[in-house]
Amino acid sequence: MESVGAEEPARANCPGCGGAEVRTVQETCADPASVHDGLSDRLASGPVMPSRGDSWLHFVEGALMTGVCAGLAYSGVQDDKPLYTIGGSLLAVLLLIGTVVVIRGEARERRVVAAGRARAEELSRSASYCSGCASVFYADGTPWQGVLTPEQYQKYVWTEAGYGTRLDARAKDVALPPGIPVRQGGTPDHA
Ligand SMILES: [Zn+2]
């Protein structure tokens with residue numbers, strides 16, 4: 001992006017390549033081109049949070065299917081078909097358990113994401129992205145003076161925010177630069 005006018009002191013150059021094609025990470029993520037080519041996902045400051053609407057839908061689906069199986073079990077009782085009774089009851093119980101597990105998991109995911117959001121936003125707000133060398137850096141040198149790949153940046157932010165276990169394989173296996181002050185955020189969580 002070109003700046004009009006003489007000097008624009010606020011805009012820092014990339015410490016990696018010296019380039020000036022720099023935007024904040026948040027601007028970069030909001031750019032439709034970044035959404036399209038996946039860069040927004042690679043720079044996302046947290047995992048996608050299942051909405052309450054999703055959970056409500058899963059509850060309704062689970063309840064409906066449980067009801068169908070319960071109906072099957074009931075018809076087994078009425079018509080004296082023990083196979084229907086046993087099969088229907090068993091399926092109804094399994095569906096009920098499955099629905100509870102899914103909904104509880106989604107609620108837990110929402111809590112984890114909410115708990116780390118402040119830290120994740122803090123770390124993403126001050127980060128910049130250089131499209132010249134595809135690096136992330138902090139213009140003021142805090143908390144890190146060097147450049148990071150999008151994967152290193154994401155691992156750093158997610159680990160600090162307590163989302164470390166939710167990183168996808170690409171970012172999980174990447175090594176952070178030695179010396180970066182990373183600490184595990186959030187609550188210990190072994191999914
Ligand atoms: Zn650069």
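Each ligand, and each atom within it, is numbered from 1 in the order the structure gives.
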### Query
If you count the non-hydrogen atoms of other residues, nucleotides and ligands that lie under 6.0 Å from OH in Y138, is the total more than 12?
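Check passes, neighbour count above 12.
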### Message
Does atom CD (E61) have a neighbourhood of more than 12 heavy atoms from anything else shown, all under 6.0 Å?
### Response
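Yes, enclosed.
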### Query
Does E160 reach the main-chain N or O of R183 with its side chain, forming a donor-acceptor pair under 3.5 Å?
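It does hold such a pair.
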### Task
Using modelled atom types only, decide if a donor and an acceptor are shared between the side chain of H36 and the backbone of P32 within a distance under 3.5 Å.
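A pair under 3.5 Å: no.
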Could you pull out every donor-acceptor pair under 3.5 Å between side chains of residues 168-182 and any protein atom, sequence neighbours left out?
from	atom 1	to	atom 2	distance (Å)
D168	OD1	R170	N	3.4
D168	OD1	A171	N	3.2

### Task
Below 2.8 Å of the Zn ion (ligand 1), tally up the protein N/O/S atoms for me.
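There are 4 of them.
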### Task
Report the C-alpha distance between S124 and Q26 in whole Å, list the side-chain angles of each, state the deciding distance to 0.1 Å, and finish with yes or no for side-chain hydrogen bond (donor to acceptor under 3.5 Å, both in side chains).
CA-CA 7 Å; S124 71; Q26 291 185 346; 3.1 Å; yes
